[in-house]
Amino acid sequence: MQLQAVTGALEQIVCYDKTGYSPLELAGQRIGCVNDIWRERLLTQEAAIFREENGVLKALDDEPDFAARSATLAAAALRWRDAGWLNGWRDEQFTAYFTDGTPAFAMERAAFRPLGLTSRAVHLNGLQRMADGEIRMWVGRRSPFKDVAPNRLDNLMGGGIAAGESIQIALEREGWEEAGIPPTRLELLPQTALLLAERPVPRGLHREWLYVFDLWLKEGEIPQNQDGEVAEHVLMPLAEVEQHLVNGQFMSDAALTAIDCLARLGYWGDDTALHALLAGVRGVPGTDTAGR
């Protein structure tokens with residue numbers, strides 16, 4: 001086992017320098033976090049939407065409801081795309097939430113990171129117990145044709161929760177698209193973990209709640225990708241998964257999910273440093289974290 005190396009890898013995933021970011025508020029509630037580059041852009045180019053007060057960015061003072069806010073920000077996101085500020089445009093909407101869990105607005109997925117908004121995603125660990133009792137993990141390798149992180153390793157499944165979509169619907173949709181898992185195998189699956197992934201990215205700040213589920217596959221159950229986004233699924237011994245985690249071959253959110261899963265399985269025992277890092281990003285499964 002490579003406990004020290006894994007702990008170091010996890011520290012790189014969950015720890016970052018939080019200076020250089022300004023909080024973003026809507027109707028007196030914090031909803032995002034903006035880096036200095038985007039702060040300057042918003043204040044100079046989008047002064048009709050954003051203003052600054054005591055070091056805090058305030059947004060959408062004149063928009064009273066979900067629909068109006070969503071329309072205003074949809075137009076703004078198109079301007080940012082046309083100005084060359086946004087890449088990875090998806091034509092997919094995510095929902096931003098107030099701290100009490102009330103939906104605040106929907107916005108193009110690619111614009112969430114510039115504003116440091118909190119998105120949501122489902123992740124599925126695929127596990128299998130071999131005849132001799134050994135536990136192995138199904139790991140996906142992303143397609144070499146993906147625009148983002150081609151050929152990187154992933155969980156059995158991972159995907160964003162779109163605007164208007166429930167956690168359960170997203171789990172079943174992504175489970176089928178990425179791994180060919182029938183919805184009936186997932187409809188009663190309990191959530192096993194809740195993780196907050198947060199890190200700087202070139203576009204801004206990635207902040208996402210990961211709703212994590214563990215699926216135990218039986219011998220003969222072979223994941224089959226349906227949408228072309230996954231090149232293959234490989235059933236790996238946990239020691240091999242660990243090596244790929246140390247080597248940085250997993251995508252960041254998938255690495256966090258896999259490390260948490262192996263820790264819950266007791267693979268590294270009760271190491272204080274590793275579990276302290278995980279405790280800092282764990283929520284309570286089944287709780288409403290939409291606006292946190």
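Small disclaimer: the values here were computed from a predicted structure and weren't measured. Any value given below was found using the heavy atoms of this structure, including those in side chains, with hydrogens, waters and symmetry copies removed.
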To the closest 0.5 Å, what do you measure between CE (Met157) and CD1 (Ile181)? 9.0 Å
If you count heavy atoms of other groups shown closer than 6.0 angstrom to CG of Asp82, is the number above 12? yes
Please give me the minimum heavy-atom distance between Gly248 and Arg152, naming the atom from each residue. O-NH2, 3.4 Å
Whether Arg203 side chain and Asn87 backbone form a donor-acceptor pair below 3.5 Å: yes
I need the full list of side-chain hydrogen bond (donor to acceptor under 3.5 Å, both in side chains) pairs touching residues 230-240, with sequence neighbours left out, sorted by first then second residue. Arg141-Glu232
Enumerate the residue pairs fulfilling ring-ring contact (aromatic ring centres under 6.0 Å, His included) with a member in residues 251-276, sequence neighbours excluded, ordered by first and then second residue. none
Close side-chain approach of Phe94 and Arg120, heavy atoms under 4.5 Å: no
Judged by modelled atom types alone, do Trp89 and Asp91 share a side-chain donor-acceptor pair under 3.5 Å? yes
With ring-ring contact (aromatic ring centres under 6.0 Å, His included) as the rule and sequence neighbours excluded, what pairs involving residues 132-163 come up? none
Cluster question for you: counting only ILVMFWY and a side-chain heavy-atom cut-off of under 4.5 Å, with indirect links fine, are Phe66 and Phe112 together? no
According to ring pair (Phe, Tyr, Trp, His ring centres under 6.0 Å), who are the partners of Phe213, at least two apart in sequence or on a separate chain? none
Measure from the side-chain N and O atoms of Gln226 to the backbone N and O of Gln224, and report whether any donor-acceptor pair falls under 3.5 Å. yes
Smallest heavy-atom separation, Leu115 atom then Leu24 atom, equals O-CD2, 3.9 Å
Inspect the surroundings of CG in Leu265 and state if more than 12 heavy atoms from other residues, nucleotides or ligands are less than 6.0 Å away. yes
If you measure from CG on Leu210 to CG on Leu196, what distance do you get to the nearest 0.5 Å? 7.5 Å
Check the hydrophobic clustering (I, L, V, M, F, W, Y; side-chain heavy atoms under 4.5 Å; chains of links allowed) and say if Leu205 and Val281 are grouped together. no
Residue pair Val284 / Leu194, side-chain heavy-atom distance below 4.5 Å: no
4.5 Å side-chain heavy-atom contact, Val241 and Phe250: yes
Connected via hydrophobic side-chain network under 4.5 Å: Leu86 and Leu73: yes
Co-membership, hydrophobic cluster, residues Leu215 and Ile222, 4.5 Å side-chain: yes
Side chain to side chain contact (heavy atoms under 4.5 Å, CB included) between Arg173 and Leu171, worked out: CA-CA 6 Å; Arg173 174 181 57 78; Leu171 176 67; over 6 Å; no
Residues in side-chain contact (heavy atoms from CB on, under 4.5 Å) contact with Arg136, at least two apart in sequence or another chain: Met130, Glu134, Leu235, Pro237
Taking it one step at a time, do Val212 and Gln191 satisfy side chain to side chain contact (heavy atoms under 4.5 Å, CB included)? CA-CA 6 Å; Val212 180; Gln191 184 184 340; 5.7 Å; no
How many angstroms lie between atom CG of Leu117 and atom NE2 of His206, to the nearest 0.5 angstrom? 12.5 Å
Flag side-chain contact, heavy atom, 4.5 Å: Thr257 against Leu195: yes
Any non-hydrogen side-chain atom of Ile135 less than 4.5 Å from a side-chain atom of Trp216? yes
Pair Arg90, Glu108 - check side chain to side chain contact (heavy atoms under 4.5 Å, CB included), show working. CA-CA 7 Å; Arg90 301 288 290 269; Glu108 159 64 31; 3.6 Å; yes
If you measure from CG on Asn125 to SG on Cys261, what distance do you get to the nearest 0.5 Å? 4.0 Å
Residue pairs fulfilling salt bridge (Lys or Arg N to Asp or Glu O under 4.0 Å) with at least one residue in residues 245-259, sequence neighbours excluded: Arg199-Asp253
Glu52: what forms a side chain to side chain donor-acceptor pair (under 3.5 Å) with it, not counting sequence neighbours? Arg39
For Ala104 and Leu26 the tightest heavy-atom approach is CB-CD2, 4.0 Å
A quick test of your reading: do over 12 heavy atoms of other residues, nucleotides or ligands sit less than 6.0 Å from CG of Asp62? no
For Asp271, give me all partners under side-chain contact (heavy atoms from CB on, under 4.5 Å), at least two apart in sequence or on another chain. Leu3, Thr7, Ala273, Leu274
If you link I, L, V, M, F, W and Y whenever their side-chain heavy atoms are under 4.5 Å apart, who else ends up in the same group as Val230? none
Worked check of side chain to side chain contact (heavy atoms under 4.5 Å, CB included) between Ile161 and Ser119: CA-CA 8 Å; Ile161 301 173; Ser119 53; over 6 Å; no
So does Asp65 pair up with Arg69, basic N to acidic O under 4.0 Å? no
Less than 4.5 Å apart, any side-chain heavy atom of Met137 and any of Leu262? yes
Closest approach of Asp214 to Leu189 (non-hydrogen atoms, all atoms of both residues): O-CD1, 3.4 Å
Any chance the side chains of Gln243 and Gln2 put a donor and an acceptor closer than 3.5 Å? yes
All pairs passing ring-ring contact (aromatic ring centres under 6.0 Å, His included) where residues 19-40 contributes a residue, at least two apart: Trp38-Trp80, Trp38-Trp85
Provide the closest heavy-atom pair for Trp209 versus Thr118 in the form atom of the first, atom of the second, distance. CD1-CG2, 3.6 Å
Sequence neighbours excluded - salt bridge (Lys or Arg N to Asp or Glu O under 4.0 Å) pairs with any residue from residues 183-196: Arg185-Glu221
Under 3.5 Å, is there a donor-acceptor pair between the Gln29 and Glu25 side chains? no
Same cluster for Leu278 and Met251 if Ile/Leu/Val/Met/Phe/Trp/Tyr side chains link at under 4.5 Å? no
Could you tell me the separation between the CD atom of Glu63 and the OG1 atom of Thr72, rounded to the nearest 0.5 Å? 3.5 Å
Would you find a donor on one side and an acceptor on the other, under 3.5 Å apart, between the side chain of Glu165 and the backbone of Ala162? yes
Quick check for you: to the nearest 0.5 Å, what is the distance between Leu156 atom CG and Leu217 atom CG? 6.5 Å
Is it the case that Ser143 and Glu229 place a side-chain donor and acceptor less than 3.5 Å from each other? no
Kindly check if the number of other-residue, nucleotide or ligand heavy atoms within 6.0 Å of CG (Asn54) is above 12? no
What's the shortest heavy-atom distance between Ile49 and Ala76, and which atoms? CD1-CB, 3.9 Å
Is a donor on one side and an acceptor on the other found under 3.5 Å between the side chain of Asn155 and the backbone of His123? no
So does Lys18 have more than 12 non-hydrogen atoms from other groups sitting under 6.0 Å from NZ? yes
For Phe105, ring pair (Phe, Tyr, Trp, His ring centres under 6.0 Å) partners two or more places apart: none
